[in-house]
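Below: the structure, in structure tokens.
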Amino acid sequence: MVAITLPDGSVRSYDGPVTGMDVARSIGAGLAKAALAVRVNGALWDLTRTLDADSEIAIITAKDADGVELLRHDAAHVMAEAVKELYPDTQVTIGPAIENGFYYDFARETPFSTDDLAEIEARMREIVARDEAIIREVWPRDTAIKFFESLGEAYKAEIIRDLPEDQTITLYRQGTFIDLCRGPHLPSTGKLGTAFKLMKVAGAYWRGNSDNAMLHRIYGTAWASQKDLEAHLTMLEEAEKRDHRRIGREMDLFHQQEEAIGSVFWHTKGWTLYRTVTDYMRRRLEAGDYQEVKTPQLVDFSLWEASGHADKFAENMFTIRTQDDRHLAVKPMNCPCHVQIFRQGIKSYRDLPLRMAEFGSCHRYEPSGALHGIMRVRAFTQDDAHIFCTEDQITSETISFCHLLKTVYTDFGFTDVRVKFSDRPAKRAGTDETWDKAEAALMEAAKAAHLEVELNPGEGAFYGPKLEFVLKDAIGRDWQCGTLQVDFVLPERLDAAYVAEDGAKKRPVMLHRAVLGSFERFLGILIENFAGRFPLWLAPVQAVVAPIVSDANDYAVEVAAALKAAGLRVETDLRNEKINAKVREHSVAKVPLLLVVGRREAENRTVALRRLGSDKQEVLALDEAQAKLGHEAVPPDLV
RNA sequence: GCCGGUGUAGCUCAGGGGUAGAGCAACUGAUUCGUAAUCAGUAGGUCCGCGGUUCGAAUCCGCGCACCGGCACCA
């Protein structure tokens, strides 16, 4: 007898061993048809695996997140089968499910072209129609290695060799295709359905290491239903429409050109946005008792050697040999310079915590392939600060930083924030004892700040562990912006010290922190998050006054002056165009407020206000509009 | 940096060994109009750059550059 407990708590008994499929069938034909896999005591299993002990199980269908993930994983296998049928000389490597879809990496001489995708996808649909049973097989390790080698599948053989000795080796067979896989899988290829699409080809290094061979990756997307697939494709189109490079051009915010690769030419409207953000941050920093500084662009290379940055990042620094044979670097970051300011004069424990902020203009020679609009550039400005403090102050400083961060993100409209904890990387400065101390201190501070952190092993900075703050935008994409890093190493290397209560010389701890990251990138994120439709306080042009007839021009100019006096960024549109055209153009230009004035308004000293995104009008007295809109346009920290 | 793709007017794009094309935008003129495109006309090009093939190259070939999508990188 086997007793099976279902998620609702009910228990079913079966004579002898049963499979997940047997249980699903005994519950109902509909469920049996929809079943993709089964969760057994918390682990996902194939439906065909035998349950020979009492278990708690749940039948997984495409309605479960796990079910969709299995679907995507199967899509990868079906794609591999299709590729092997069409191009038998191709080796298969790995092919996991990922967010929204799947990919598979193939090794072959000739890369796939986008034109091949249609053919591969058509073959995948045939394989789904064949409804091949997917069968799990357990193989002895050595036999499996020999088998894959005999097929010429060197990568698969290598994967098995690297698996732990005690790992069960499972292969999955569908039709004539057989693949090494941990599983589980759907019962047959037909269960995959038709809601998938191959998206793009790309290069990818074997095992993610750039020293290894480049494989050819095909990305696809797969969903539980055609409707979900279409919704996803629509979302991608929407994402493309909010591309910051496109909106930057359309709204005349900035441009980039060949003569200054990886740099931004900010146009007046973009720079207005930029200044609005920096002005806001400056006020927040002042309120948080930071002191602002400015440090040199060109710094002798020896300082970067002393800090340890040269060891790791020399190739990514712009350097200069001067006429008098000095070796300078354009600063790639601000921390060593801040330590130089800290070192001026004698610092006492009474000076701590000392919060030193800089809108630090930095240059890094980023690899050409990394550049991306204004999001990843070679010239950028960080909202950087270093907090020099004692070990005892790490917790309280972390708490107040988290407060600042939350306030700022909320003001910019981001409320969904995740936190990652990145600990020691393989290549690092400082002793293990120092790292133990730094990691423990940061973790404790994170707990005290009531943060729920996800572990991100091995991803810390070379000088210390870090918290990374990831925010979610309006269409669900993640952006890593804020960071807080604990550093016991740099103060030592650059000889920063303060005099403690007992008169002894001590090392401060440095907390490296940024809220936005870089202004360039953050503005890119803002542009994409709002799709250019900025909240009033951020909009480069907040209001346009548009007369209907030229008789109202003088009054329009007067209205604009009144709004300007109330602190708004306002333009007039006196062109000899119909009001329809003006409404359309300023709506397309994403101007939040449109004030239309005709003869009626000029006579009554009113304005007809139309807000972006609405086709309704509100007629207000000019005085009233001035007060009301002036109030609405105030940045959130000044309300 | 690596793999693949793209590069034609300000923008979106068509064309393709024989005088460079459209729509929108721009400019000029007319129109004074009540909430998402008024009409007419004019002008606009190193077809990414450099070399090669050819009587002739924007088109074919080679090299380079930039950008786009990934990978790797991200102090």
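Lettering follows sequence order; numbering is per chain, from 1.
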message: Starting the side chain at C-beta, find the nucleotide from B/A75, B/C71, B/A36 nearest to A/Ala461.
response: B/A75
- prompt: Which part of the nucleic acid, if any, lies within contact of A/Ala581, taking any heavy atom under 4.0 Å across all strands shown: a base, the sugar-phosphate backbone alone, or nothing?
  reply: sugar-phosphate
field: Phosphate OP1/OP2 of B/G69 contacted by A/Arg245 side-chain N/O (<4.0 Å)
entry: yes
task: Would you mind pulling out the nucleotide paired to B/G69, Watson-Crick or G-U wobble, both distances under 3.5 Å?
output: B/C3
statement: B/G45 -> Watson-Crick or G-U wobble partner, both distances under 3.5 Å, gives none
message: So, OP1 or OP2 of B/C33: does either fall under 4.0 Å of a side-chain N or O from A/Arg599?
response: yes
task: Return the nearest nucleotide to the side chain of A/Arg249; candidates are B/C11, B/G1, B/G34.
output: B/C11
query: If pairing requires Watson-Crick or G-U wobble contacts with both distances under 3.5 Å, which nucleotide is the partner of B/U12?
result: B/A22
message: Quick check on RNA chain B: between A/Arg364 and A/Gly613, whose nearest nucleotide comes earlier from the 5' end?
response: A/Gly613
message: If you only use heavy atoms from C-beta on, which nucleotide in B/U35, B/G69, B/A75 is closest to the side chain of A/Lys466?
response: B/A75
- prompt: Is there a donor N/O on one and an acceptor N/O on the other, under 3.5 Å, for the side chain of A/Glu366 and the base of B/G1?
  reply: no
field: Under-4.0 Å side-chain N/O to phosphate OP1/OP2 contact, A/His372 with B/G70
entry: no
statement: Looking only at B/A75, B/A66, B/G34, the nucleotide nearest the A/Ile579 side chain is B/G34
message: With a 4.0 Å cutoff (strictly under), does any side-chain N or O of A/Tyr219 reach OP1 or OP2 of B/C71?
response: yes
Closest to side chain of A/Ala370, choosing from B/A72, B/U35, B/G34: B/A72
task: Among the candidates B/C67, B/G69, B/U32, find the nucleotide nearest to the side-chain atoms of A/Ser550.
output: B/U32
message: Test of understanding: with ring pair (Phe, Tyr, Trp, His ring centres under 6.0 Å), list the residues that count as partners of A/Tyr290, not counting sequence neighbours.
response: none
message: Please determine whether a side-chain nitrogen or oxygen atom of A/Lys312 lies at a distance below 4.0 Å from atom OP1 or OP2 of B/C74.
response: yes
query: Backbone N or O of A/Ile525 within a donor-acceptor pair of the A/Asn529 side chain at under 3.5 Å?
result: no
Under-4.0 Å side-chain N/O to phosphate OP1/OP2 contact, A/Arg207 with B/A72: no
- prompt: Side chain of A/Arg428, base of B/A75: donor and acceptor closer than 3.5 Å?
  reply: no
query: Between B/G34, B/U35, B/C33, which nucleotide has the shortest distance from any of its atoms to the side chain of A/Lys578?
result: B/C33
query: Between B/U35 and A/Asn580, is there an OP1 or OP2 to side-chain N/O distance shorter than 4.0 Å?
result: no
- request: Would you mind telling me which of B/A75, B/G69, B/C33 lies closest to the side-chain atoms of A/Ile548?
  value: B/C33
